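Have a look at the structure below, then the notes.
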There are 2 protein chains.
Amino acid sequence: MKKINVKKGTLLQQKGEISSKIYLVESGLLRSYTIDKKGKEHIYMFGPENWLVADNCEPNTPCQLFIDAIEDSIIYVATKEELLKEGPDLNALLKRLETMQNRIIMLMSSNAKERYEHFVKTYPNITQRVPLKMVASYLGITPEALSRVRQVLSQKT
Amino acid sequence: MKKINVKKGTLLQQKGEISSKIYLVESGLLRSYTIDKKGKEHIYMFGPENWLVADNCEPNTPCQLFIDAIEDSIIYVATKEELLKEGPDLNALLKRLETMQNRIIMLMSSNAKERYEHFVKTYPNITQRVPLKMVASYLGITPEALSRVRQVLSQKT
DNA sequence: CCTATGCATTGATGTAAATCAAGAAATGAC
DNA sequence: GTCATTTCTTGATTTACATCAATGCATAGG
């Protein structure tokens with residue numbers, strides 16, 4: 001498990017690579033995202049401190065996700081084989097499944113405003129660290145739509 | 001790990017229950033779903049033969065999902081504790097993560113037609129076994145929208 | 001310091017899908 | 001079998017959000 005420093009903007013993994021790695025964030029902020037056929041970016045996950053960032057693709061197939069650093073970060077890198085050998089953290093895996101379940105339910109049932117509220121709950125401390133357009137991309141809405149949602153929410157306070 | 005027979009329509013688990021179980025489907029078809037505050041149903045997952053159906057909620061907290069049988073089914077039931085003790089199937093877990101990742105990307109980036117095509121790929125053999133309105137609920141669209149999508153797709157063949 | 005580049009906001013317009021409504025078809029109960 | 005209930009389809013209308021476009025603000029680089 002190698003420890004590395006990366007500068008803001010560093011691309012750690014490209015869509016299409018075969019042996020996608022696992023990244024454990026010690027400090028800083030990563031993001032994983034995909035680009036669809038229309039060239040549009042969709043953020044799959046943010047990786048702040050202590051999060052595990054990875055592409056859960058099948059072994060030995062091209063991965064789907066790009067991973068890069070939104071902030072200068074210190075991260076541990078491991079191959080999936082390494083992690084499997086030493087026995088992965090089951091609790092972390094279950095926690096991950098829970099997060100994804102919540103996200104799926106959110107995406108199926110929520111409008112723009114509810115999605116934003118869900119995001120604030122899931123990532124309480126990173127709203128100020130991430131540009132609005134990335135939050136919008138994570139939520140599956142446009143920056144314009146998110147801007148308007150935040151406007152009405154801020155008027156309520 | 002108990003083996004049980006359930007009739008079509010049997011409710012195995014309610015939203016709000018504390019000790020949610022794990023269900024391994026031997027034959028038949030289960031579904032897990034939630035009901036939002038407007039009373040609308042959202043299907044989280046179908047469970048055909050050999051699928052594992054479960055609510056990935058935190059231990060000892062109320063679960064989110066209802067689980068019931070869409071067909072007469074034969075299933076194995078286990079508590080999460082049991083499964084953790086005997087060491088869960090890592091490959092199945094990773095496969096599950098992959099499925100969910102694909103679903104999330106689909107929900108963020110696809111329109112009604114693409115969602116339906118994604119569904120047919122993910123569950124090739126159950127389109128005929130599941131009423132249209134449930135497929136629509138799984139895809140996060142209305143039955144009306146799905147009906148229209150299928151109409152234009154069938155004209156193309 | 002000034003200018004270029006990217007980001008956020010705001011307004012006008014377009015559009016996919018939701019909602020509402022009614023009828024047809026399928027399914028199930030008796 | 002008939003009747004009742006649910007599901008599916010089709011059409012008309014509405015709506016939330018996307019798209020397009022313009023402007024204002026930052027931040028970064030020379």
Side-chain angles (χ1 to χ4, degrees), chain A residues 7-11 29 31 33 35-43 46 68-72 106-120 126-157, chain B residues 7-11 29 31 33 35-43 46 68-72 106-120 126-157:
Chain A
K7 282 244 159 276
K8 174 175 176 172
T10 308
L11 188 62
L29 185 56
R31 96 218 230 241
Y33 60 100
I35 297 183
D36 68 23
K37 49 187 184 303
K38 285 167 213 146
K40 215 167 157 183
E41 234 177 71
H42 302 277
I43 294 184
F46 293 107
D68 67 11
I70 299 181
E71 302 175 352
D72 293 351
M106 180 271 277
L107 287 169
M108 284 197 298
S109 61
S110 299
N111 62 21
K113 175 165 155 276
E114 292 161 343
R115 288 180 193 207
Y116 179 64
E117 290 165 345
H118 174 97
F119 167 78
V120 174
I126 71 166
T127 316
Q128 307 75 358
R129 293 160 66 185
V130 176
L132 174 143
K133 60 172 247 176
M134 288 192 189
V135 177
S137 167
Y138 174 84
L139 296 176
I141 62 179
T142 59
E144 292 96 329
L146 180 55
S147 177
R148 288 183 246 257
V149 163
R150 301 226 314 206
Q151 199 187 324
V152 318
L153 283 179
S154 68
Q155 282 167 1
K156 284 190 185 164
T157 29
Chain B
K7 281 243 159 273
K8 176 176 176 171
T10 308
L11 189 63
L29 185 57
R31 96 219 232 238
Y33 61 99
I35 297 183
D36 69 23
K37 48 187 186 304
K38 287 167 211 143
K40 214 167 158 181
E41 235 176 71
H42 302 276
I43 294 184
F46 293 106
D68 67 11
I70 299 181
E71 301 175 353
D72 294 352
M106 180 272 278
L107 287 169
M108 284 198 297
S109 61
S110 299
N111 61 21
K113 175 165 155 276
E114 292 162 343
R115 287 180 193 210
Y116 179 64
E117 289 164 343
H118 175 97
F119 167 78
V120 173
I126 70 165
T127 316
Q128 308 75 358
R129 292 160 64 186
V130 177
L132 174 144
K133 60 172 248 181
M134 287 192 189
V135 177
S137 167
Y138 174 84
L139 297 176
I141 62 178
T142 59
E144 291 95 327
L146 180 54
S147 177
R148 288 183 246 257
V149 163
R150 300 223 315 204
Q151 199 188 322
V152 317
L153 283 180
S154 69
Q155 282 166 1
K156 282 189 187 165
T157 32

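Because the structure is predicted, anything quoted here is derived from the model rather than measured. So that the names make sense, note that chain A is the first sequence line, chain B the second, and so on, each numbered from 1.
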- Message: Tell me if a side-chain donor or acceptor on B/Ser137 pairs with a main-chain N or O of B/Ile43 at a distance below 3.5 Å.
- Response: yes
- Task: Identify whether any heavy atom of A/Gly140 sits under 4.0 Å from a base atom; if not, whether one sits that close to sugar-phosphate; answer base, sugar-phosphate or nothing.
- Result: sugar-phosphate
- Query: Would you find a donor on one side and an acceptor on the other, under 3.5 Å apart, between the side chain of B/Ser110 and the backbone of B/Leu107?
  - Reply: no
- Message: What is the separation between atom CZ on B/Arg150 and atom P on D/dC8, rounded to the nearest whole Å?
- Response: 8 Å
- Let me know the distance between CD1 of B/Ile70 and P of D/dT6, rounded to the nearest Å. 17 Å
Heteroatom pairs (N/O) under 3.5 angstrom, protein to nucleotides 22-30 of chain D:
none

- Item | Residues in side chain to side chain donor-acceptor pair (under 3.5 Å) contact with A/Glu114, at least two apart in sequence or another chain | B/Lys37
- Item | pair A/Phe46-A/Ile70: side-chain heavy atoms closer than 4.5 Å | yes
- Item | B/Glu144: partners by salt bridge (Lys or Arg N to Asp or Glu O under 4.0 Å), with sequence neighbours left out | none
- Near DNA chain C, under 4.0 Å by heavy atom, which residues of residues 142-149 of chain A? A/Glu144, A/Ser147, A/Arg148
- Residues that A/Asp72 engages under salt bridge (Lys or Arg N to Asp or Glu O under 4.0 Å), provided they are two or more places apart: A/Lys7
- Task: Please list, in 5' to 3' order, the outermost nucleotides of DNA chain C lying under 4.0 Å from any heavy atom of chain A.
- Result: C/dC7 to C/dA12
- Task: Compute the angle between the rotation axes at the two ends of the helix from C/dC1-D/dG30 to C/dC30-D/dG1, each taken over five pairs, rounded to 10 degrees.
- Result: 50°
- Query: Any side-chain heavy atom of B/Glu117 within less than 4.5 Å of one from B/Leu153?
  - Reply: yes
- Item | Residues that B/Arg31 engages under salt bridge (Lys or Arg N to Asp or Glu O under 4.0 Å), provided they are two or more places apart | B/Glu41, B/Asp68
- Item | Interatomic distance, A/Leu139 CG vs D/dA18 P [rounded to whole Å] | 10 Å
- What residues, two or more places apart in sequence or in another chain, satisfy side chain to side chain contact (heavy atoms under 4.5 Å, CB included) together with A/His42? A/Thr34, A/Asp36, A/Lys40, B/Met108, B/Ser109
- Query: Sequence neighbours excluded, which residues qualify as ring-ring contact (aromatic ring centres under 6.0 Å, His included) partners of A/Tyr116?
  - Reply: none
- How would you list, by chain and number, every residue that makes a salt bridge (Lys or Arg N to Asp or Glu O under 4.0 Å) with A/Arg150, sequence neighbours excluded? none
